[in-house]
Asker: 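Input: one structure, supplied below.
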Amino acid sequence: MSKLRSVKGMNDILPEETPRWHRLEAELRSVFERHGYGEVRTPIVEKTALFTRSIGEATDIVNKEMYSFVDKGDEALTLRPEGTASCARAFLQHSVGAKKPVNKWYYLGPMYRRERPARGRYRQFYQAGVECYGDPGPFVDAEMIDMSVSLLAALGITEVRVLLNSLGSDQTRARYRDALKEFFTPLAAELSPESQARLEQNPLRILDSKSPKDQELSQGAPPILDFLGDDDREHFDELRRALDALGTPYEVDTSLVRGLDYYTRTLFEVQTTSGSLGAQSALLGGGRYDGMLAELGGKATPAVGFAMGLERLLHMMPEEQAPPALDAFVVMAGAALRPEALRLAKALRAEGARVDVDLRGGSLKSQLRRVDKSGAAYALVLGEGELERGVVQLKDLARHEQEELTLEDAPQHLRGLITPS
RNA sequence: GUGGGUGUAGCUCAGUGGUAGAGCACUGGAUUGUGGCUCCGGUGGUCGCGGGUUCAAGCCCCGUCACUCACCCCA
């Protein structure tokens, strides 16, 4: 075992596993694109200030989880811990909102957070997410939530529940924060140490503490929904009616708060109910952030989005049998035939077949064993005698049948066999 | 960051102080150039690392690192 290992919490994905990733990514792109979203690709590194300003100074992500460094130009940079801030920056930088009233983007790629790794939680992890700019909702919110649930269903993930909450406007949120502070301060001594710290920094997060004592105390706290203004309440009610119309089940959970500061109004999270992810039950989460673009110095633009963790989806996706990665294998009776074997393989590949050759030139028996293990449907057997006559044996592995073809005809013949009719 | 568990072959794991093992995988063969099943053989190890106890340590003790689970938080 080598001492050179990948960085803690950052994992290799070997060719054996990538077909599963490809299937997941293809499904994501397909669903996003069917809903009118186009892919955006932003850099993995951004100026640190982008994240501190958008995500919020008081969040765990900014406080203790960012991979930040100073580059040789003395610039403070950070490996992106999430995708929304980068998208917002790109949206503003290219004045996208001025060209089109509503823009729907999706992204897919690695994110970085320096947390203690656990099942379903890694320091480099892959997220796919969507952002919709320019529509204040609530119907686009409903469409997005519904899309996320049908996406999971398309992946075979059905043991889920949708949690929904509303935080109201920035003003509502500020008033609610004060109210919670007022409510919990007399109880501070009874709160868990973590929640005592939250009381100052972010009282909202006391509500989703997992400490039983905290939960008990939170029962008596005033619910956020009581603080919603008329517009906020109407927005929330319309969202719920739209979800009902779409037939998407959800549960209102007023303790749903989430760890990022930029959310306003709609907040949602889809969790697995299967328990197979250990403590990490959130498959995707998001919400509305109507204030962020103005906060970053742009024109006020309503926005809503969510992000999903691909490793978690992979953990949840049912196992499927991987289809063979090869159509045919060229084998030869004798290592001297390697140049001819290469030539034949080249001709087969030119016709679109996925072909490998065992160029180590072992015994025919060992080559055929390898063919069998590769899952390829056909073997092309090249021998001295055949070569002199300009022919090759085409062996159908499943049927145990063999036929003789001319070297000239073999490529097109194989193409006919592997092309789905 | 806090607490628990586990580190032995590429993988999954046995090995209760006395010569380092199994299954799988890989590989060679079972009468001339034909796969799966079966049978026979072979390659492969700093027992995570460092120290200590002992005549003797994979095994006991201390430290350390890695992985993992839970907490915290999140996707």
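Just so we're clear, the structure is a prediction, and the values are computed from it rather than from any experiment. Here is the naming used below: chain letters follow the sequence lines, and residue numbers restart at 1 for every chain.
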Asker: Can you check whether any acceptor in the base of B:rC74 is under 3.5 Å from a donor in the side chain of A:R312, or vice versa?
Answerer: yes
Asker: Among residues at least two apart in sequence or on other chains, which ones pass side-chain contact (heavy atoms from CB on, under 4.5 Å) with A:E403?
Answerer: A:L394, A:L405, A:H413
Asker: Please list all pairs meeting salt bridge (charged side-chain N to carboxylate O under 4.0 Å, His left out) that have one or both residues in residues 143-152 of chain A, counting only residues at least two apart or in different chains.
Answerer: A:K104-A:E143
Asker: With sequence neighbours excluded, what pairs up with A:Y126 under the side chain to side chain donor-acceptor pair (under 3.5 Å) test?
Answerer: A:Q124
Asker: For B:rC72 and A:K64 - does any side-chain N or O of the residue sit under 4.0 Å from the phosphate oxygens OP1/OP2?
Answerer: no
Asker: Could you note down all residue pairs passing side-chain hydrogen bond (donor to acceptor under 3.5 Å, both in side chains) where residues 8-21 of chain A supplies at least one of them, sequence neighbours left out?
Answerer: none
Asker: Between A:S366 and B:rU27, does any side-chain N or O lie under 4.0 Å from OP1 or OP2?
Answerer: no
Asker: Do the side chains of A:K346 and A:L342 get nearer than 4.5 Å, heavy atoms only?
Answerer: no
Asker: Where does RNA chain B pair, written as one dot-bracket string 5' to 3', with Watson-Crick or G-U pairs under 3.5 Å, ( ) inside the strand, [ ] for crossing pairs and | for another strand?
Answerer: (((((((..((((....[..)))).(((((.......))))).....(((((..]....))))))))))))....
Asker: Pull out every residue in residues 41-53 of chain A that has a heavy atom closer than 4.0 Å to any atom of RNA chain B, ordered by number, or say none.
Answerer: none
Asker: Can you list every pair that meets side-chain hydrogen bond (donor to acceptor under 3.5 Å, both in side chains) and has a residue in residues 154-166 of chain A, with sequence neighbours left out?
Answerer: A:R161-A:Q271
Asker: Give a yes or no on whether a donor-acceptor pair under 3.5 Å exists between the nucleobase atoms of B:rU34, that is its base, and the side chain of A:K395.
Answerer: yes
Asker: When you measure from the side chain of A:L368, which nucleotide among B:rA30, B:rA75, B:rU34 comes out closest?
Answerer: B:rU34
Asker: Would you indicate which nucleotide in B:rU34, B:rA75, B:rG29 comes nearest to any side-chain atom of A:Q402?
Answerer: B:rU34
Asker: Which residue pairs satisfy the salt bridge (charged side-chain N to carboxylate O under 4.0 Å, His left out) criterion with at least one member in residues 80-94 of chain A, sequence neighbours excluded?
Answerer: A:E46-A:R89
Asker: Using the 3.5 Å cut-off, write out each protein N or O paired with an N or O of nucleotides 66-68 of chain B and the distance between them.
Answerer:
from	atom 1	to	atom 2	distance (Å)
B:rC67	OP2	A:K8	NZ	2.9

Asker: Name all residues meeting the side chain to side chain donor-acceptor pair (under 3.5 Å) criterion together with A:E131; count only those two or more places apart in sequence or in a different chain, and write none if there are none.
Answerer: A:T84, A:Y289
Asker: Please report, to 0.1 Å, the donor-acceptor pairs under 3.5 Å made by any side chain of residues 322-336 of chain A, with sequence neighbours excluded.
Answerer:
from	atom 1	to	atom 2	distance (Å)
A:D327	OD1	A:R354	NH2	3.0
A:D327	OD2	A:R354	N	2.8
A:D327	OD2	A:R354	NE	3.2

Asker: Counting only distance, no hydrogens or angles, is the base of B:rC72 paired donor-acceptor with the side chain of A:R121 under 3.5 Å?
Answerer: yes
Asker: List in chain and number order the residues that pass side chain to side chain donor-acceptor pair (under 3.5 Å) with A:T266, two or more places apart in sequence or in another chain; answer none if no residue qualifies.
Answerer: A:D141
